[in-house]
Novice: 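Below: one structure in structure tokens.
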Protein chains: 2
Amino acid sequence: MSTRAKRDASLTDYARPSVAVDTAVLTVRDGALCVGLLTDERTRRRRLPGTFLHEGEVLADAVRRSLREKAGIRDVEPAQLHVFDAVDRDSRGWVLSVAHMAVVRANALGTLDALPVPDAVGLDFDHDAIVAFAVERVRADYADRADPSGLLDEPFTIRSLREVHEAVLGHRLQPDTFRRRVLPQLDEVGAVRRGGVGKPASLFARRPSTRSS
Amino acid sequence: MSTRAKRDASLTDYARPSVAVDTAVLTVRDGALCVGLLTDERTRRRRLPGTFLHEGEVLADAVRRSLREKAGIRDVEPAQLHVFDAVDRDSRGWVLSVAHMAVVRANALGTLDALPVPDAVGLDFDHDAIVAFAVERVRADYADRADPSGLLDEPFTIRSLREVHEAVLGHRLQPDTFRRRVLPQLDEVGAVRRGGVGKPASLFARRPSTRSS
DNA sequence: GCGGGTTTGCTCACTCTTGATCTAACTCGT
DNA sequence: ACGAGTTAGATCAAGAGTGAGCAAACCCGC
């Protein structure tokens with residue numbers, strides 16, 4: 001086919017893959033980073049929620065639809081991770097999966113089962129790899145910004161903020177170093193927490209510019 | 001359609017988009033970060049090289065095929081950037097584009113025209129956005145690692161390494177601060193450059209662990 | 001051969017960051 | 001009411017990083 005003929009060719013002249021979206025929904029529970037999983041009824045294997053892209057739908061809408069329909073999850077801001085394109089990744093045929101991630105509060109996981117990330121192995125398809133991408137991404141997001149995904153109710157204390165960061169990052173943080181790093185990103189609410197043991201802590205909220213875009 | 005019926009459904013029960021790949025090929029020339037562009041013969045608008053995905057092909061192979069066929073570029077390691085999925089992004093129909101980037105030496109751009117990144121505006125489709133993604137990515141790659149994409153012949157001097165980094169990052173670097181940061185990633189070759197004005201500089205090669213994976 | 005100019009790479013003073021320690025402010029049990 | 005224990009937040013000493021300036025090592029013109 002000549003260059004001109006190729007350009008004028010109909011889109012249907014080329015075979016097209018099916019396009020799916022799969023989403024690693026992450027949360028923090030019991031001080032640990034967890035991922036939400038479904039169990040396939042037939043194979044009993046665990047996997048991430050996903051769906052095929054419908055005609056005329058953008059990827060983020062497909063993600064939202066799949067999380068709502070498969071898990072009862074609403075109000076998520078998914079982020080693209082990577083396209084998984086192994087030609088044999090799905091036994092039904094040629095399927096590309098655009099992997100996404102979303103971070104939600106533990107009480108917003110709907111019907112997904114929360115598994116600590118180290119336990120989320122042996123998933124169907126290439127979902128282990130998708131989880132790994134998502135974990136790397138959320139850890140990068142939390143490295144320098146104060147709770148970018150809004151896992152904490154506001155206002156919060158520096159200690160509870162640090163504990164969320166330690167859960168996401170998977171390692172301990174030096175309290176005062178952490179405090180000095182996040183203070184510029186926070187507004188002191190002016191009240192002081194009472195009811196716990198020890199010196200009452202100041203309460204903070206995130207400044208608007210640190211909220212996840 | 002019941003859940004069981006949906007699972008057993010053929011892939012062709014869902015409409016599928018065309019999937020394209022578009023690639024921002026970046027290089028450094030005359031001390032500036034540049035992107036390689038084609039000019040559309042019909043519309044005269046500039047754009048990135050791209051192609052539709054062929055049946056059974058993985059994305060990286062499609063990228064390589066398109067760069068070879070459209071620009072005579074070989075031996076590239078493309079990296080995925082983002083999927084562009086606006087339903088009206090292409091007048092021919094529903095097309096998703098998986099944007100990629102590749103970094104090559106200036107003499108490997110084939111028939112692409114090299115434009116300094118600030119001049120690469122008003123491109124067709126959403127290619128301006130693709131270039132912006134690619135620039136952000138290459139700048140992140142070059143922030144802490146010594147010439148990860150191998151733009152320099154080896155061995156090289158610290159000064160020429162710094163000049164490449166300044167071209168990619170788009171700002172000046174303090175010579176000695178830069179030197180101390182990269183030295184742990186380099187092996188001194190043991191020779192000294194001669195023929196230039198000034199004290200002869202030592203020659204270096206990158207340690208294998210800093211090469212781009 | 002020497003002086004001027006340029007470049008490399010080292011030195012040093014200063015600034016910034018870190019983390020342990022200390023003081024302050026609370027709760028709880030006696 | 002007070003002491004013990006815990007937590008928050010400030011302080012300070014030590015270490016790390018930065019960048020200007022300097023000495024060394026070249027090339028080039030005279």
Side-chain angles (χ1 to χ4, degrees), chain A residues 28 30-31 139-140 142-147 151-207 210, chain B residues 28 30-31 139-148 151-207 210:
Chain A
V28 163
D30 300 329
R139 284 178 172 167
Y142 271 74
D144 298 313
R145 290 170 63 214
D147 193 20
L151 288 168
L152 286 172
D153 282 321
E154 293 188 347
F156 47 77
T157 65
I158 301 285
R159 180 196 183 98
S160 54
L161 181 62
R162 194 181 80 247
E163 284 168 352
V164 158
H165 275 244
E166 287 177 340
V168 169
L169 296 173
H171 61 74
R172 301 302 297 276
L173 295 167
Q174 203 281 333
D176 208 53
T177 302
F178 177 78
R179 174 189 182 80
R180 281 186 298 242
R181 193 180 332 120
V182 296
L183 273 182
Q185 305 174 46
L186 304 177
D187 288 318
E188 186 164 354
V189 162
V192 162
R193 177 196 58 83
R194 279 208 150 71
V197 174
K199 184 179 178 180
S202 293
L203 293 171
F204 297 85
R206 290 175 298 142
R207 286 197 174 126
T210 54
Chain B
V28 163
D30 301 330
R139 285 177 170 167
D141 289 343
Y142 271 74
D144 297 314
R145 291 169 64 212
D147 193 20
L151 287 169
L152 286 171
D153 282 321
E154 294 190 345
F156 46 77
T157 64
I158 299 284
R159 180 195 184 98
S160 54
L161 182 63
R162 192 181 82 247
E163 284 169 352
V164 157
H165 276 243
E166 287 176 339
V168 169
L169 297 172
H171 59 75
R172 302 300 299 276
L173 296 167
Q174 203 281 335
D176 208 51
T177 303
F178 176 79
R179 174 189 183 81
R180 283 188 296 244
R181 193 179 334 120
V182 297
L183 271 183
Q185 305 174 46
L186 305 177
D187 288 319
E188 186 165 353
V189 162
V192 163
R193 177 196 58 81
R194 274 204 154 76
V197 173
K199 184 178 177 181
S202 291
L203 293 171
F204 297 86
R206 290 175 299 144
R207 285 194 174 129
T210 55

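Numbers restart at 1 for each chain; the letters A, B, ... are given by sequence-line order, proteins then strands. The shown structure was predicted, so the numbers you read here are calculated from the model rather than taken from an experiment.
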Novice: If you assign B/Asp176 and B/Thr157 each to the DNA chain C nucleotide with the nearest heavy atom, which residue ends up on the more 5' nucleotide?
Specialist: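 Final value for this comparison: B/Thr157.
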
Novice: Side chain of A/Thr177 only, heavy atoms from C-beta on: which candidate in D/dG19, C/dT8, C/dT18 is closest?
Specialist: C/dT18

Novice: Counting side-chain heavy atoms from CB outward, which of D/dA25, C/dA25, D/dT11 is closest to B/Lys199?
Specialist: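 Out of D/dA25, C/dA25, D/dT11, the nucleotide with an atom closest to B/Lys199's side chain is D/dA25.
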
Novice: What is the distance from CG of B/Leu183 to P of D/dG17, rounded to the nearest Å?
Specialist: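 So the CG-P distance, B/Leu183 to D/dG17, works out to 14 Å.
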
Novice: Without decimals, in angstroms, what is the distance between B/Arg162 CZ and C/dG9 P?
Specialist: 11 Å

Novice: Filter on ring-ring contact (aromatic ring centres under 6.0 Å, His included), then keep only pairs touching residues 156-180 of chain A, sequence neighbours left out; what's left?
Specialist: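 Sorted pair list: A/Tyr142-A/His165, A/His165-A/Phe178.
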
Novice: Figure out the CZ/P separation between A/Phe204 and D/dA8, and round it to whole Å.
Specialist: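 Checked: the CZ to P distance equals 11 Å.
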
Novice: Among the candidates C/dG9, D/dG9, D/dG19, find the nucleotide nearest to the side-chain atoms of B/Gln174.
Specialist: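 The answer is D/dG19.
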
Novice: Please give, in whole Å, the distance from D/dG9 P to A/Phe178 CZ?
Specialist: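 About 13 Å, once rounded to whole Å.
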
Novice: Is the backbone of A/Ala205 close enough, under 3.5 Å, to the side chain of A/Glu154 for a donor and an acceptor to pair up by distance?
Specialist: no

Novice: Just the rounded figure in Å: distance from P of D/dA20 to CZ of B/Arg172.
Specialist: 12 Å

Novice: Is a donor-acceptor pair below 3.5 Å formed from side chain A/Arg159 to base D/dG9, judging by atom type as modelled?
Specialist: no

Novice: Please check if the side chain of A/Arg181 supplies one atom and the backbone of A/Asp176 the other of a donor-acceptor pair under 3.5 Å.
Specialist: no

Novice: Could you say whether A/Val197 or B/Gly196 is positioned toward the 5' end of DNA chain D, judged by the nucleotide with the nearest heavy atom to each?
Specialist: A/Val197

Novice: Tell me whether the side-chain N/O atoms of A/Ser202 come closer than 4.0 Å to OP1 or OP2 in D/dA8.
Specialist: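 No.
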
Novice: Consider the side chain of A/Pro200, meaning its heavy atoms from C-beta on, and name the nucleotide among C/dA25, C/dG9, D/dG9 that approaches it most closely.
Specialist: C/dA25

Novice: A side-chain contact here means heavy atoms from C-beta on lying under 4.5 Å apart; do B/Phe204 and B/Ile158 qualify?
Specialist: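 Sidechains of B/Ile158 and B/Phe204: in contact.
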
Novice: Measure CD1/B/Ile158 against P/C/dC10 and give the value in whole Å, please.
Specialist: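 Atom-to-atom, B/Ile158 to C/dC10, this comes out as 10 Å.
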
Novice: Side chain to side chain contact (heavy atoms under 4.5 Å, CB included) between B/Leu186 and B/Arg206: does it pass, once the steps are laid out?
Specialist: CA-CA 5 Å; B/Leu186 305 177; B/Arg206 290 175 299 144; 4.1 Å; yes

Novice: CZ of B/Arg179 versus C1' of D/dT18: gap in Å, rounded?
Specialist: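 Distance check: B/Arg179 CZ to D/dT18 C1' gives 15 Å.
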
Novice: Atom CG of A/Leu173 and atom C1' of C/dG19: how far apart are they, to the nearest Å?
Specialist: 13 Å

Novice: Answer with yes or no whether A/Arg180 presents, from its side chain, a donor or acceptor under 3.5 Å of a partner atom in the base of D/dG9.
Specialist: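 Flag unset: no donor-acceptor pair detected.
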
